[in-house]
**Student:** 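Encoded as C-alpha cells, here's the structure I'll be asking about.
To find a chain, count down the sequence lines: A is the first, B the second, and so on, and within it residues start at 1.
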Amino acid sequence: MYAQIVKTDGTGVKSREDMTPEESAFQQRIDADQKIEPKEWMPEGYRKNLIRQISQHAHSELVGQLPESNWITRAPTLERKAILLAKVQDEAGHGLYLYCAAETLGISRDEMFEQLHSGKAKYSSIFNYPTLTWADIGAVGWLVDGAAIMNQVPLQRTSYGPYARAMVRICKEESFHQRQGFDIMMKMASGSDAQKRMAQDAFDRFWYPSLMMFGPSDKDSVHSAQSMAWRIKINTNDELRQKFVDQTVPQAKYLGLTVPDENLIWNEEKGGHDFTEPDWDEFYAVLGGNGPCNKERLQARVTAWNEGEWFRDGLLANAAKKCTAGEVAA
Amino acid sequence: MSSVNTSPDTDGVGAPVKRKPELPLWEIFIRGQHGMSHRHVGSLHAADAEMAMNNARDVYTRRNEGVSIWAVKSDQIVASSPSDKEPLFEPANSKVYRHPTFFDIPEEVGHM
C-alpha cells in the first residue's frame with residue numbers, strides 16, 4: 001500500500017524440503033509468531049525484501065508531506081493551519097521511524113535517499129496526484145490515511161521487530177490524521193452548495209487512486225506469497241481493498257457524498273460491496289513515473305536534499321570543531 | 001542497531017558510489033510521566049548532542065510522551081549478541097525457586 005509493489009528476488013515460496021536447516025529454523029520461528037531482531041540470522045531474501053518494503057514505506061511518508069504542505073499557507077483558518085502543520089510534521093516523524101527500522105537491516109539512510117532520488121526506489125502512487133482544493137486535504141486525510149491505517153494496523157504484528165515497533169507508533173498517531181480529514185469533509189459537505197460541490201469533486205478524484213493504494217489485484221500480485229510466508233505482509237491486497245470499501249461507503253453516505261462508481265452495490269451473499277476496480281493501466285503509469293505530479297514531487301525532494309548539503313556539511317564541521325576544542329580543554 | 005558502515009556498493013554499473021559521511025546515529029531513551037525508567041524508543045541522526053536532543057524532542061515527544069530524554073551515540077552501546085543467548089540466559093531457566101510462586105504457602109497463613 002504505502003509499499004504497493006515490493007519485488008521479491010526468489011521464484012516463489014520454498015518448500016520445507018528445499019530449505020537449508022537455517023532457513024527452516026527461521027521459518028519455524030516466524031510461524032511461531034516470534035519476532036526477528038536486527039543482528040539475528042535471516043535469509044538474504046528476507047533482508048532485501050524488507051529493506052525494499054520499509055524504505056518504500058518511509059519514502060511514501062516523506063513524499064506524502066508534499067501534497068499536504070501545498071495547503072499549509074492556504075488553510076482557511078489559523079486552527080486548520082496549526083492542525084495541518086502538526087499532521088505534516090507527523091508524516092516526517094513516521095518517515096524517520098521507518099528509515100531507522102530499515103537501517104537496522106544494514107542499509108544507510110543516505111543510500112535510501114539516493115535510491116529515492118534516482119527513481120530506483122518507489123513510493124506510493126497516491127502522492128503523485130495534485131491537491132487542487134482545500135477539500136482535497138479533507139479527502140486525503142479521510143481516504144488516504146484511512147487506507148493507510150487499514151494496511152498498517154495488521155503490520156503491527158509483522159515478523160521483523162523494529163518494523164513492528166515502528167508501526168505501533170505510527171498507528172497510534174495515524175487515527176488523528178484520518179479524523180482531521182473527515183472533520184474537514186463534514187464541514188465542507190454541510191456547507192454552501194459550492195462547498196458541497198468541492199467536497200464531491202475531491203471525493204471523485206481521490207476515490208480510485210485510494211483504491212489503488214492497496215496494490216494490484218491478488219491475481220496479478222506475484223510477489224505476495226513469499227512476503228506472506230515471512231509475515232511481512234499480513235493480508236492480501238484485495239482483502240484490504242474490500243475492507244476499505246465496506247468501511248468507507250457508509251461514511252460517504254453520512255457525508256451525503258456519492259461514491260463515483262455506478263456499479264457499487266451491496267452483495268448480501270459475500271457480506272460486502274461489489275465495486276469497480278480502479279484503472280490498473282493508470283496505476284502502472286503513475287507508479288512508473290507518469291502520474292500528474294511525479295516529476296514535481298521527486299524534484300522537490302532532490303532540491304531539498306541538494307540545497308541542504310552545505311548545511312549538513314556545516315553541522316558536521318561544527319561538531320568536529322567542538323570535539324577538538326573539547327579535547328584541548330580537557 | 002549498531003551504526004551502519006556504508007559498504008562500498010555500486011550504482012549498478014559497477015562504479016563505486018562515493019558518499020559523504022552521515023550524521024552519526026543516536027539511540028533515544030524517554031522516561032514517561034509515571035515514574036517508569038527510561039525506555040528505548042528509537043534512533044535518529046544528529047551531528048552533536050544538542051542536535052540529538054532537539055531532534056529527539058521533535059521526533060519522539062510530539063504528544064507529551066516524556067519528561068526526560070537520554071540520547072546515546074549508537075556506537076557507544078555494548079550489546080549482547082544473539083549467539084550468546086544460551087550461555088547468558090539459559091542458566092536462569094533452572095532456577096525457578098527465584099520466583100515466589102515456587103513456594104506453596106498454606107492458605108491459613110494468609111497473604112505473604
**Student:** Are side-chain heavy atoms of L316(A) and P24(B) found at a separation under 4.5 Å?
**Tutor:** yes
**Student:** Nearest 0.5 Å, what's the CG-CG distance between N55(B) and L96(A)?
**Tutor:** 8.0 Å
**Student:** Given that the side chain runs from C-beta out, which part of D313(A) has a heavy atom under 4.5 Å from chain B: side chain, backbone, both or neither?
**Tutor:** side chain
**Student:** Any side-chain heavy atom of H45(B) sitting closer than 4.5 Å to one from R312(A)?
**Tutor:** no
**Student:** Residue by residue, scan residues 60-70 of chain B and write down, ordered by number, those that have a heavy-atom distance under 4.5 Å to chain A; if none do, write 'none'.
**Tutor:** Y60(B), R62(B), R63(B), E65(B)
**Student:** So does R29(A) have more than 12 non-hydrogen atoms from other groups sitting under 6.0 Å from CZ?
**Tutor:** yes
**Student:** Find the distance between CZ (R19(B)) and CD (E111(A)) and round it off to the nearest 0.5 Å.
**Tutor:** 4.5 Å
**Student:** In Å and rounded to the nearest 0.5 Å, what is the SG to CG distance from C100(A) to L25(B)?
**Tutor:** 6.0 Å
**Student:** Charged N to carboxylate O below 4.0 Å: is that the case for K20(B) and D110(A)?
**Tutor:** no
**Student:** If you look at every heavy atom in K322(A) and E50(B), which pair is closest and at what distance?
**Tutor:** NZ-OE1, 4.0 Å
**Student:** Please identify, among E309(A), R169(A), K172(A), the residue contributing the most non-hydrogen atom pairs under 4.5 Å to chain B.
**Tutor:** R169(A)
**Student:** At a heavy-atom distance under 4.5 Å, which candidate from A49(B), A46(B), A47(B) has the highest pair count against chain A?
**Tutor:** A47(B)
**Student:** Please flag which part of F113(A) lies under 4.5 Å from any non-hydrogen atom of chain B: side chain, backbone, both or neither.
**Tutor:** neither
**Student:** With rounding to the nearest 0.5 angstrom, report the CG to CD distance, L44(B) to E103(A).
**Tutor:** 10.0 Å
**Student:** Counting only non-hydrogen atoms closer than 4.5 Å, does E173(A) touch chain B with its backbone (N, CA, C, O), its side chain (CB onward), both, or neither?
**Tutor:** both
**Student:** What residues of residues 80-108 of chain B sit under 4.5 Å from chain A when only non-hydrogen atoms are counted?
**Tutor:** P82(B), K85(B)
